[in-house]
Amino acid sequence: MKRIGVLALQGAFKEHIEIIKSLGHEAIEIRNAKQLYNLDGIILPGGESTTIGKLLDDFKIKEVLVNKISNGLPVWGTCAGMILLAKEIDGNEDAHLKVMDIKVRRNAYGTQLDSFVTTGVVEGVSEKEIPMVFIRAPYIVDIDEKVDVLHKVDGNIVAARQENILVTSFHPELTDDKIFHEYFINMIK
Ligand code: GLN
């Protein structure tokens with residue numbers, strides 16, 4: 001049984017907690033830096049990245065979190081979580097945790113495709129088509145060679161991994177499919 005933290009300052013953390021538990025693991029809502037010790041992995045959920053970034057500062061979680069991730073703690077960022085992990089944000093905005101060598105574009109699908117659902121086979125993660133829910137989602141516009149691209153939709157990178165860091169533009173926690181959660185848990189040695 002693994003101990004998985006889910007950052008619970010704002011956003012879609014409850015859904016991740018339910019899935020982790022349903023897979024037989026311990027899920028902990030993270031609201032302070034002390035809780036970051038003794039975790040096997042942590043999920044940064046979707047929500048509003050500017051708000052979560054500010055709360056990470058206010059609650060003094062940021063420094064410890066960056067430290068843990070830099071020292072190999074497996075982390076998975078979904079949607080806003082992806083934005084938080086990126087070294088760069090397209091435009092004039094300061095990045096947050098700056099631990100993954102990607103540049104992301106926020107709200108990248110504009111208004112017409114603001115939110116949509118598609119399916120795809122993510123090589124190395126799932127052998128069958130899985131549903132992908134995009135909600136005012138970002139995508140990756142630039143990567144360093146250290147980053148592995150896991151999936152693209154219409155030519156844009158929407159899932160990637162750099163060693164212990166996994167990111168998805170979409171929300172597997174809002175579907176019935178648990179394959180991405182299983183993949184993340186398997187990243188834990
Ligand atoms: N648009 C949000 C942001 O930029 C992310 C949306 C999401 O997490 N569903 O922070």
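Only a predicted model underlies this, so the values are computations on that prediction, with no experimental measurement involved. Each ligand, and each atom within it, is numbered from 1 in the order the structure gives.
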Show me which atoms of ligand 1 lie under 4.0 Å from any heavy atom of I135.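 Matching atoms, with element in brackets: 6 (C), 7 (C), 9 (N).
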With atoms numbered from 1 as shown, which atoms in ligand 1 lie under 4.0 angstrom from a non-hydrogen atom of S49?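 Checking each atom against S49, I get 3 (C), 4 (O), 10 (O).
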Using a 4.0 Å heavy-atom cut-off, say whether [X] meets ligand 1 through its side chain, its backbone, both or neither.
X	answer
T78	neither
I83	side chain
R106	side chain

Any Lys/Arg nitrogen of D101 or K87 sitting under 4.0 Å from an Asp/Glu carboxylate oxygen of the other?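 Here D101 pairs with K87 in a salt bridge, since their nearest N and O are under 4.0 Å apart.
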I'd like to know if D142 and K103 make a salt bridge, using a cut-off of under 4.0 Å between side-chain N and carboxylate O.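 So D142 does not pair with K103 through a salt bridge.
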Test of understanding: clusters of I, L, V, M, F, W, Y form through side-chain heavy atoms closer than 4.5 Å, transitively. Do F184 and I69 belong to the same one?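 Not linked; separate clusters.
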Are V147 and V149 connected, step by step, through hydrophobic side chains (Ile, Leu, Val, Met, Phe, Trp, Tyr) whose heavy atoms are closer than 4.5 Å?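 In one cluster with V147: V149, yes.
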So which of P138, G46, G47, C79 gets nearest to atom 2 (C) of ligand 1, if we judge by its closest heavy atom?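 It is G47 whose heavy atom sits nearest to atom 2 (C) of ligand 1.
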Using the six-membered ring wherever Trp is involved, compare the ring planes of H151 and F170 and label them parallel, tilted or perpendicular (cut-offs 30° and 60°).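 Rings of H151 and F170: perpendicular, as their planes differ by over 60°.
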Considering both backbone and side-chain atoms of N107, is one of its nitrogen or oxygen atoms within less than 3.5 Å of a nitrogen or oxygen in ligand 1?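 In this structure, N107 places an N or O atom under 3.5 Å from an N or O of ligand 1.
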Looking at every non-hydrogen atom in both residues, tell me the closest pair between T168 and M82 and how far apart they are.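 Closest heavy-atom pair between T168 and M82: C-CE, 3.8 Å.
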